[in-house]
Amino acid sequence: STKRVILERFFDETGDTHLVIHSPFGSRVNRAWGLALRKRLCRRFNFELQAAALEDSIVISLGAVHSFALDEVARYLTSNTIRDVLTQAVLDAPVFGTYWRWNSTVALAVRRFRNGKKAPAQFQRMDAEDLLSTVFPDQLACAENLPGGDRDIPDHPLVAQTLDDCLNGAMDVAGAARLLARIESGEVEVLCRELTSPSPLAQEIL
């Protein structure tokens with residue numbers, strides 16, 4: 001409910017482990033919370049995880065090597081850290097590239113016409129990527145060579161607009177931060193359940 005979030009970890013019929021967070025706060029809040037949480041787990045275990053967000057839940061698929069106390073998950077992120085973590089997570093997500101191409105085209109920084117004809121979509125994508133490499137070289141750099149693992153975000157209007165569209169349009173980072181603040185204050189209760197098989201609600205979600 002809006003006063004209670006349930007974390008449910010279980011095995012599916014193939015023996016894989018899944019974590020479902022029953023969070024009825026809408027897909028934009030859940031997408032922000034889920035993507036930031038996925039980033040935290042990936043950094044903790046150095047392993048890419050599959051995750052999805054729905055209107056009423058977050059699903060994270062875990063491997064056999066991921067062992068942690070379930071009640072710790074709600075504390076992996078705080079209302080003060082989620083924006084920074086989510087910003088770094090968004091840079092690795094496809095949504096950033098989609099909004100970047102849109103914004104660079106709308107700003108007329110990428111040509112939509114060549115020789116009087118509409119430029120093919122693949123040419124516009126290439127031009128947008130070339131522009132990104134100029135204004136934000138760390139975004140296209142090899143992640144293994146980045147110091148500290150975080151990308152330095154340049155002060156550029158197109159980059160700022162793209163991040164704003166991702167964080168506040170496709171997702172609701174402010175709403176996710178408010179939810180975490182309510183969890184921290186105890187206003188929203190967190191229950192953890194370890195199950196051998198998914199509950200009926202989780203089964204439907206999967």
Side-chain angles (χ1 to χ4, degrees), residues 5 7 19 21 23 25-54 57-62 66 68-104 128-129 131-188 190:
V5 171
L7 278 62
L19 169 62
I21 301 175
S23 165
F25 297 98
S27 60
R28 292 174 62 239
V29 168
N30 287 342
R31 202 175 294 132
W33 189 12
L35 188 58
L37 188 57
R38 175 182 179 271
K39 185 72 171 179
R40 272 281 194 250
L41 289 168
C42 287
R43 286 190 171 179
R44 183 180 180 117
F45 297 108
N46 195 28
F47 192 88
E48 286 294 331
L49 300 167
Q50 297 296 321
L54 304 173
S57 60
I58 301 166
V59 183
I60 299 177
S61 298
L62 305 168
H66 306 134
F68 52 86
L70 193 54
D71 59 357
E72 292 179 0
V73 175
R75 299 193 297 270
Y76 278 173
L77 294 164
T78 69
S79 55
N80 294 325
T81 62
I82 186 172
R83 178 175 289 274
D84 291 338
V85 175
L86 185 59
T87 299
Q88 291 296 321
V90 158
L91 297 177
D92 294 324
V95 66
F96 181 86
T98 300
Y99 277 110
W100 172 261
R101 288 189 295 272
W102 170 260
N103 286 325
S104 58
E129 190 167 294
L131 177 63
L132 185 60
S133 68
T134 301
V135 302
F136 192 0
D138 275 4
Q139 175 62 5
L140 300 177
C142 177
E144 294 178 357
N145 294 326
L146 292 173
D150 282 345
R151 291 177 169 88
D152 291 326
I153 300 172
D155 182 16
H156 190 280
L158 284 179
V159 175
Q161 182 63 54
T162 300
L163 285 173
D164 183 72
D165 289 341
C166 293
L167 298 177
N168 301 305
M171 288 170 268
D172 183 3
V173 65
R178 286 193 297 271
L179 172 58
L180 291 175
R182 293 175 65 201
I183 291 175
E184 291 160 10
S185 68
E187 182 183 347
V188 173
V190 177

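The first residue of the sequence shown is numbered 1, and numbering continues consecutively from there.
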Where [X] and [Y] come nearest, the two heavy atoms and their spacing:
{"X": "L179", "Y": "S23", "value": "CD2-OG, 4.2 Å"}
{"X": "A176", "Y": "I82", "value": "CB-CD1, 3.6 Å"}
{"X": "S79", "Y": "A177", "value": "CB-O, 3.4 Å"}
{"X": "N168", "Y": "R28", "value": "O-NH2, 2.8 Å"}
{"X": "L77", "Y": "A36", "value": "CD1-CB, 3.6 Å"}

(request) Just do the side chain to side chain contact (heavy atoms under 4.5 Å, CB included) check on L70 and L19 with the steps written out, would you? (result) CA-CA 9 Å; L70 193 54; L19 169 62; 3.6 Å; yes
State the [atom1]-[atom2] distance between [X] and [Y], to the nearest 0.5 angstrom.
{"X": "Q88", "Y": "L35", "atom1": "CD", "atom2": "CG", "answer": "11.5 Å"}
{"X": "R101", "Y": "F96", "atom1": "CZ", "atom2": "CZ", "answer": "11.0 Å"}
{"X": "H156", "Y": "T134", "atom1": "NE2", "atom2": "OG1", "answer": "9.0 Å"}
{"X": "D92", "Y": "C42", "atom1": "CG", "atom2": "SG", "answer": "9.0 Å"}

Could you tell me whether the side chain of [Y] reaches within less than 4.5 Å of the side chain of [X], counting heavy atoms only?
{"X": "L37", "Y": "I60", "result": "yes"}
{"X": "R178", "Y": "D172", "result": "yes"}
{"X": "L163", "Y": "L91", "result": "yes"}

Using modelled atom types only, decide if a donor and an acceptor are shared between the side chain of [X] and the backbone of [Y] within a distance under 3.5 Å.
{"X": "W100", "Y": "T162", "result": "no"}
{"X": "R75", "Y": "E184", "result": "no"}
{"X": "R38", "Y": "Q50", "result": "no"}
{"X": "R31", "Y": "A170", "result": "yes"}
{"X": "T81", "Y": "T78", "result": "yes"}

(message) side chain to side chain contact (heavy atoms under 4.5 Å, CB included) for L132 and L158? Distances and angles first, verdict last.
(response) CA-CA 9 Å; L132 185 60; L158 284 179; over 6 Å; no
(request) Begin with the C-alpha distance, continue with both residues' side-chain angles, and end with the deciding distance and a verdict on side chain to side chain contact (heavy atoms under 4.5 Å, CB included) for T87 and L167. (result) CA-CA 7 Å; T87 299; L167 298 177; 3.6 Å; yes
(request) Might you work through the side chain to side chain contact (heavy atoms under 4.5 Å, CB included) test for V85 and Y76, ending with a clear yes or no? (result) CA-CA 11 Å; V85 175; Y76 278 173; over 6 Å; no
(message) Using the side-chain contact (heavy atoms from CB on, under 4.5 Å) definition, which of the options D165, V90, N30 pairs with M171?
(response) V90
